[in-house]
Amino acid sequence: MGGTGTVVSQFLNLSSSSSSYSPRFLAPSLSCAASTLLHSRFSLPSIRSCTSSATATPSTSSDTITPPTPLKKRVVSGVQPTGSIHLGNYFGAIKNWVALQNTYDTLFFIVDLHAITLPYEAQQLSKASRSTAAIYLACGVDPSKASVFVQSHVRAHVELMWLLSSATPIGWLNKMIQFKEKSRKAGDEEVGVALLTYPVLMASDILLYQSDFVPVGEDQKQHLELTRDLAERVNYLYGGRKWKKLGGRGGAIFKVPEPLIPPAGARIMSLTDGLSKMSKSAPSDQSRINLLDPKDLIANKIKRCKTDAFPGLEFDNPERPECNNLLSIYQLISGKTKEEVVQECQNMNWGTFKILLTDALIDHLHPIQVRYDEIMSDSGYLDEVLAEGARNASEIADATVNNVYQAMGFLGRR
């Protein structure tokens, strides 16, 4: 798609499965309006500014924000600071960010506000947030090209969430699968309201930056539905001529983001079950390779990982999910093509291949671990990276929130 735009990649461990979700909001002219809005393009501010921006406040009728057009499209993504960052997070998101930052205006944040939707260790949250940020940088995210920040440091995320909550029918949230499943397991008395409303915060994360696309897996397209529905609903209720009558620029308040389905191949599965995704929340650490695992632990996990009794090694045999997964990990870690891996490994036994895979993992992760230790030892550097990233992100986010305040009719602050 041409023109100025934004790409927002998937927020890991945030999305609820919403296969049964269907929007209730319908307006007679919405489908036509939505079609028009999907082809609209807004001007957005540059994120390379180093100046601090004021806290978002209701704007006056003469304060409509029409920031300058950026030279590049924008990518926004984040990972929760809970559990350990593992190979699935790395190949599913972070490694891709390193390539994207050379082409796009990029913002990568630590989604700490989402980390409190379920019970967590308060004393560990700050430490985990710093560690996650350091991993971003150690993996190659360059703060001279990308804004790296902590979600809670940009307060517009929470402000916009509250404004969007007023336009979110409770029926939409009640249909989200994650809430239904987790509340049923834990019981209503143990589940916080945040678990119900977190999809609104996720929508805020995306809409704050006027996103064109949200990269999601084919099986996760429905995760984007509520965000799209909210964008259309707010545009219909408060945008267009209604906003213009209040002194705004009129038109759509938010872009309606579209799913961007990435190529297959970066889906890393559990070491103990080739049919389940590698996950932070899996009870056994044996199921995943964490980026900071020491050499001996990596070797032990690969030695003990689940395999099968078939002869030889092969991709894409539905009866051999673990074989396909381990070969895929080796392909990604080594940077070889699928054909090269087949040629090299098809006649190997498991013992020989596991040694090969272990060595490749250790060689690939070692420089990341060395760089991580260097970054964590320089707290001043990391603090400045996060502060600068928050300033850059706030410039964009505050412009969006001020426009929403104006379009919703709030009294501007003098």
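This one's a predicted model, so the numbers in the text were calculated from it and none came from an experiment.
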Practice task
Return yes if some donor-acceptor pair links the side-chain N/O of Gln151 with the main-chain N/O of His157 below 3.5 Å, else return no.
Solution key: no
Fill in the blank from the handout: For Leu326 and Phe353 the tightest heavy-atom approach is O-CZ, 3.6 Å
Handout entry: Side-chain touch Thr358/Leu361, heavy atoms, less than 4.5 angstrom
Key = no
Completion exercise
By side chain to side chain contact (heavy atoms under 4.5 Å, CB included), Gln331 pairs with (sequence neighbours left out) Phe315, Lys338, Val341
Completion exercise
Taken in chain and number order and not counting sequence neighbours, the residues that satisfy side chain to side chain contact (heavy atoms under 4.5 Å, CB included) with Lys301 are Leu271, Asp285, Gln286, Ile289, Asn290, Asp293, Leu297
Problem - Donor-acceptor under 3.5 Å (Thr82 side chain, Ala115 main chain) - result: no
Practice task
Mind checking the CG-CD spacing from Leu208 to Glu159? Nearest 0.5 Å is all I need.
Solution key: 9.5 Å
Problem - Distance (rounded to the nearest 0.5 Å) between Leu386 CG and Ser129 OG - result: 9.0 Å
Exercise for the section: Could you walk me through whether Ile268 and Leu332 pass side chain to side chain contact (heavy atoms under 4.5 Å, CB included), step by step? Expected result: CA-CA 10 Å; Ile268 304 297; Leu332 291 167; 3.5 Å; yes
Practice task
Can you measure from CG (Asn96) to OH (Tyr90) and round to the nearest 0.5 angstrom?
Solution key: 10.0 Å
Exercise for the section: Determine yes or no for a side-chain-to-main-chain donor-acceptor pair under 3.5 angstrom, with Arg288 supplying the side chain and Ala282 the backbone. Expected result: yes
Fill in the blank from the handout: On a heavy-atom basis, the closest approach of Gly251 and Trp243 is O-CE3, 3.9 Å
Problem - Pairwise side-chain contact, Leu327 with Val342, heavy-atom cut-off 4.5 Å (strictly under) - result: no
Completion exercise
Closest non-hydrogen atoms of Ile116 and Leu113, given as atom of the first, atom of the second and distance, are CG1-O, 3.3 Å
Handout entry: Student check: side-chain heavy atoms of Ser211 and Val76 closer than 4.5 Å
Key = no
Problem - Donor-acceptor contact below 3.5 Å, side chain Asn392 vs main chain Ser147 - result: no
Handout entry: Pair listing, ring-ring contact (aromatic ring centres under 6.0 Å, His included) test, anchored in residues 366-385, at least two apart
Key = none
Practice task
Kindly say whether Tyr236 contributes a backbone atom to a donor-acceptor pair with the side chain of Lys242 at under 3.5 angstrom?
Solution key: yes
Handout entry: Ser394 side chain to Arg391 backbone, donor-acceptor under 3.5 Å
Key = no
Practice task
Quick one: closest heavy-atom pair of Thr132 and Pro81, and the distance?
Solution key: OG1-CA, 3.6 Å
Completion exercise
salt bridge (charged side-chain N to carboxylate O under 4.0 Å, His left out) pairs touching residues 117-138, sequence neighbours excluded, are Arg130-Asp383
Problem - Stepwise side chain to side chain contact (heavy atoms under 4.5 Å, CB included) check, Thr400 with Phe254 - result: CA-CA 8 Å; Thr400 296; Phe254 297 121; 3.7 Å; yes
Exercise for the section: Could you pull out all residues at least two apart from His153 that satisfy ring-ring contact (aromatic ring centres under 6.0 Å, His included)? Expected result: none
Handout entry: Asn89 side-chain N/O to His86 backbone N/O, donor-acceptor pair under 3.5 Å
Key = yes
Problem - Distance, nearest 0.5 Å, that separates CG of Leu125 from CD1 of Ile110 - result: 11.0 Å
Practice task
Check whether any side-chain heavy atom of Arg267 lies under 4.5 Å from a side-chain heavy atom of Ser328, and answer yes or no.
Solution key: no
Exercise for the section: Check whether any side-chain heavy atom of Val404 sits under 4.5 Å from a side-chain heavy atom of Ile253, and report yes or no. Expected result: yes
Practice task
Start with the C-alpha gap between Val385 and Tyr136, add the side-chain angles, then the distance that decides, and say whether side chain to side chain contact (heavy atoms under 4.5 Å, CB included) holds.
Solution key: CA-CA 11 Å; Val385 167; Tyr136 287 4; over 6 Å; no
Fill in the blank from the handout: Nearest heavy-atom approach of Leu230 to Trp172 is N-CZ3, 4.0 Å
Completion exercise
Interatomic distance, CG@Leu164 vs CE@Met202, rounded to 0.5 Å, equals 11.5 Å
Handout entry: Heavy-atom closest contact (Gln210 atom, Lys255 atom, distance)
Key = OE1-N, 3.1 Å
Problem - Asn402 side chain to Asp398 backbone, donor-acceptor under 3.5 Å - result: yes
Problem - Pairwise distance OG(Ser165) to CG(Leu173) - rounded to 0.5 angstrom - result: 8.0 Å
Practice task
State plainly whether the residues Arg228 and Glu225 are in salt-bridge range, i.e. N to O under 4.0 Å.
Solution key: no
Handout entry: Side chain proximity check, Leu313 to Tyr330, heavy atoms < 4.5 angstrom
Key = no
Practice task
For the pair Val79 and Ile135, evaluate side chain to side chain contact (heavy atoms under 4.5 Å, CB included) and give the outcome as yes or no after the intermediate values.
Solution key: CA-CA 11 Å; Val79 174; Ile135 286 177; over 6 Å; no
Problem - Side chain to side chain, Thr168 and Pro199, heavy atoms closer than 4.5 Å - result: no
Handout entry: Glu340 backbone acceptor or donor facing Thr337 side chain under 3.5 Å
Key = yes
Handout entry: Heavy atoms of other groups near Lys95 NZ, more than 12 under 6.0 Å
Key = no
Problem - Pairs flagged by salt bridge (charged side-chain N to carboxylate O under 4.0 Å, His left out) wherever residues 319-337 is involved - sequence neighbours left out - result: Lys306-Glu322, Asp308-Arg320, Glu314-Arg320, Lys336-Glu344
Exercise for the section: Anything under 30° is parallel, anything over 60° is perpendicular, the rest tilted; go ahead and classify Tyr209 against Phe109. Expected result: tilted
Handout entry: Any Pro257 side-chain heavy atom under 4.5 Å of Leu207 side chain
Key = yes
